[in-house]
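Just so it is clear: chains get the letters A, B, ... in the order the sequence lines come, proteins before strands, and each one is counted from 1. Only heavy atoms go into these numbers, but all of them, side chains included; no hydrogens, no water, no symmetry mates.
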Amino acid sequence: MSLHTQTTSLHPHPPRGFTPRQYLACLSGIMIREGLRFLNQRERFVSSLVRPLLWLFVFAAGFRQVLGVSIIPPYRTYVLYEVYITPGLAGMILLFSGMQSSLSMVYDREMGNMRTLLVSPFPRWFLLVSKLFAGVAVSVVQVYAFFAIAWFWNVRPPPVGYLLVLPALFLGGMMLCSLGMFLSSMIRQLENFAGIMNFVIFPMYFASSALYPLWRIQESSPLLFRICQGNPFTYAVELIRFALYGRIEWMSLGIVFGFTVLFLGGAIFAYDPAHGLLGRKRDTGGNG
Amino acid sequence: MSDNHISTQKGASALEVTDVSHAYGAKKALAGVSFFIPAGRFTVLLGLNGAGKTTLFSLISRLYDTQDGSIRIFGRDIRRDPSEALRRLGIVFQARTLDLDLSIAQNLTYHAALHGFGRREAMARIIMLLDTVGLADRLHDKAKNLSGGQMRRVEIVRALLHRPSLLLLDEATVGLDVQARADILATIRALVRDDGIGVLWATHLIDEVMEDDDVVILDGGRVLASGAVGDVVRAAGAQDIAGAFGGLVSETGARMVISPLEGGVPGRAEGGHVSKDSIVWGMRRTISQPPLSDALTSAPQRRESERPRPASPSVDLSSPKAGGRQ
């Protein structure tokens, strides 16, 4: 029986280029796959929530009495430490999830799944952006699950904040996932991911405004303050914090946007077959 | 192109590879590789492990860009017009590339999406293709529950989903038992015979080469010969393709290691020595197990007249360096 010429709805000689509908089909296919992978790894979902919830329930509760947070924008009153730390924990979910996404790309490269993506006839940049978008969408779902639990812990931003924070989460997530994707192009083996954990994720998280306001950090260490100021994650957290309370922090928005473009450009460059780093390494997945 | 390159090819090309070179840092993997694949033909890319076959596949499928030379698929340059070139190409990689946690349907609809087809549009073809390889009833099974041979069949279905005109298969039968190998080969040969699809079949197993095939012999990153099997054998002054291969490769100083295939029983060869895993025998060949074609006689669905004729007895051209790469 012929495998190739039987009547089906797929066209044997498609017109040149792709229609917007085909681009949409490609994007939704990549997003569905990412969603299915996420649903198949329930422990990933649970662990992504356990980490920030531990910080919220244990760390923040313990430090509530020690760390007073004065009235700083966007807050209009004194706030509990749990309230202050919540946007930082949302950023933490995006950060870890973005890096998890990079981990999955290293895994996909090792297992060969990445090749099926990269040999698609769609432009390479579109495939990578779609993959990023899918990864961010999964992260954002996790953040909203975290917000829902935090609501019962009396962390209750204005209802409109839940809507306004969505674009901030997407932009911040794109920045962090792009960074993860760029880093994944330089990691040859899954084992090397521990290095990313120690040298990228933890420093980015701790040297930011996620846990303490910048003014407090400045009081204790001017050097650390400068480092926090140069850390793009600080601006992602502030963008989320302000959006959650119905405001736009323009400087953070500009900086996060700028770093997103930079990291995304780096990732596209690294995965581009013409300039990228992969072709200079032995990563053919065969022995012939 | 190497000085001793034999080329006897003719006809319209599905794939043109011209003076392609590639290096990993200082390590040269391909040097001035040139050949072409006629449309609608079964072409075997034959070479030892480390010959450069997988690197060549990676360049043809644009996982990497060519550092030197050009690759054209049905006239479309893979660098200048990658979208149009890639949409005419179906690829089965050597490594398993199914997502094991997803069902067969989910794996295949994902691939269809990567070619711009929605789920509803693709499902009819998915079911039809799975039916032809006897896996329609496994549509919703997870990929991890399939055997190695079944996974390969799903990967072939996936490569055919978007109706490519040229199919690349990189060591598609590695790790499969004799029956599964025979089934996969028969499926692919039927595609060429019935549908006129062009196939580039990379292998190190000489018994997968048939008399009617075309062959490209690759060694040390260089093409030593290309053309119809009979023409290459004659031009090399050999009795069969194994002899032609041995003669050509010996000129480049390579060593042929003849080892038993999966399930085979090694036999002692005149002038050779038997090690635990392989028979190393200079450039001469030995029979390590019954030819693959003999296994086909046990496949009841194939008639005698349909059995392909191997161009040589069964010989596995594994690299002297176990698992080594060049």
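Heavy atoms of H115(B) lying under 4.5 Å from chain A belong to its backbone as well as its side chain. Within the 4.5 angstrom heavy-atom criterion, no atom of N107(B) approaches chain A. Contacts between S61(B) and chain A at a heavy-atom distance below 4.5 Å involve backbone atoms as well as side-chain atoms. Only the side chain of R158(B) comes within less than 4.5 Å of a heavy atom in chain A; its backbone stays farther off.
Chain B is approached within less than 4.5 Å, heavy atom to heavy atom, by A25(A), C26(A), G29(A), I30(A), R33(A), L36(A), R37(A) from residues 25-39 of chain A, ordered by number.
Contact between F122(A) and L114(B) at its shortest, heavy atoms only, is CD1-O, 3.2 Å. Shortest non-hydrogen contact noted between A95(B) and R115(A) is CB-NH1, 3.8 Å.
Rounding to the nearest 0.5 Å places CD of E121(B) at 7.5 Å from CD of Q22(A).
Heavy atoms from other residues, nucleotides or ligands lying under 6.0 Å from CZ of R119(B) number 12 at most. Taking a 6.0 Å sphere around CZ of F199(A), one finds it holds 12 or fewer heavy atoms contributed by other residues, nucleotides or ligands. Within a 6.0 Å sphere centred on OH of Y162(A), other residues, nucleotides and ligands contribute more than 12 heavy atoms.
In terms of modelled atom types and a separation under 3.5 Å, the side chain of D101(B) and the main chain of N40(A) share no donor-acceptor contact.
Counting heavy atoms from C-beta outward, Y64(B) and L118(A) have side chains that stay 4.5 Å or more apart. Considering only heavy atoms from C-beta on, D99(B) stays 4.5 Å or farther from T116(A) through its side chain.
In terms of non-hydrogen atom pairs under 4.5 Å with chain A, the most contact-rich of D81(B), L59(B), T66(B), T203(B) is D81(B).
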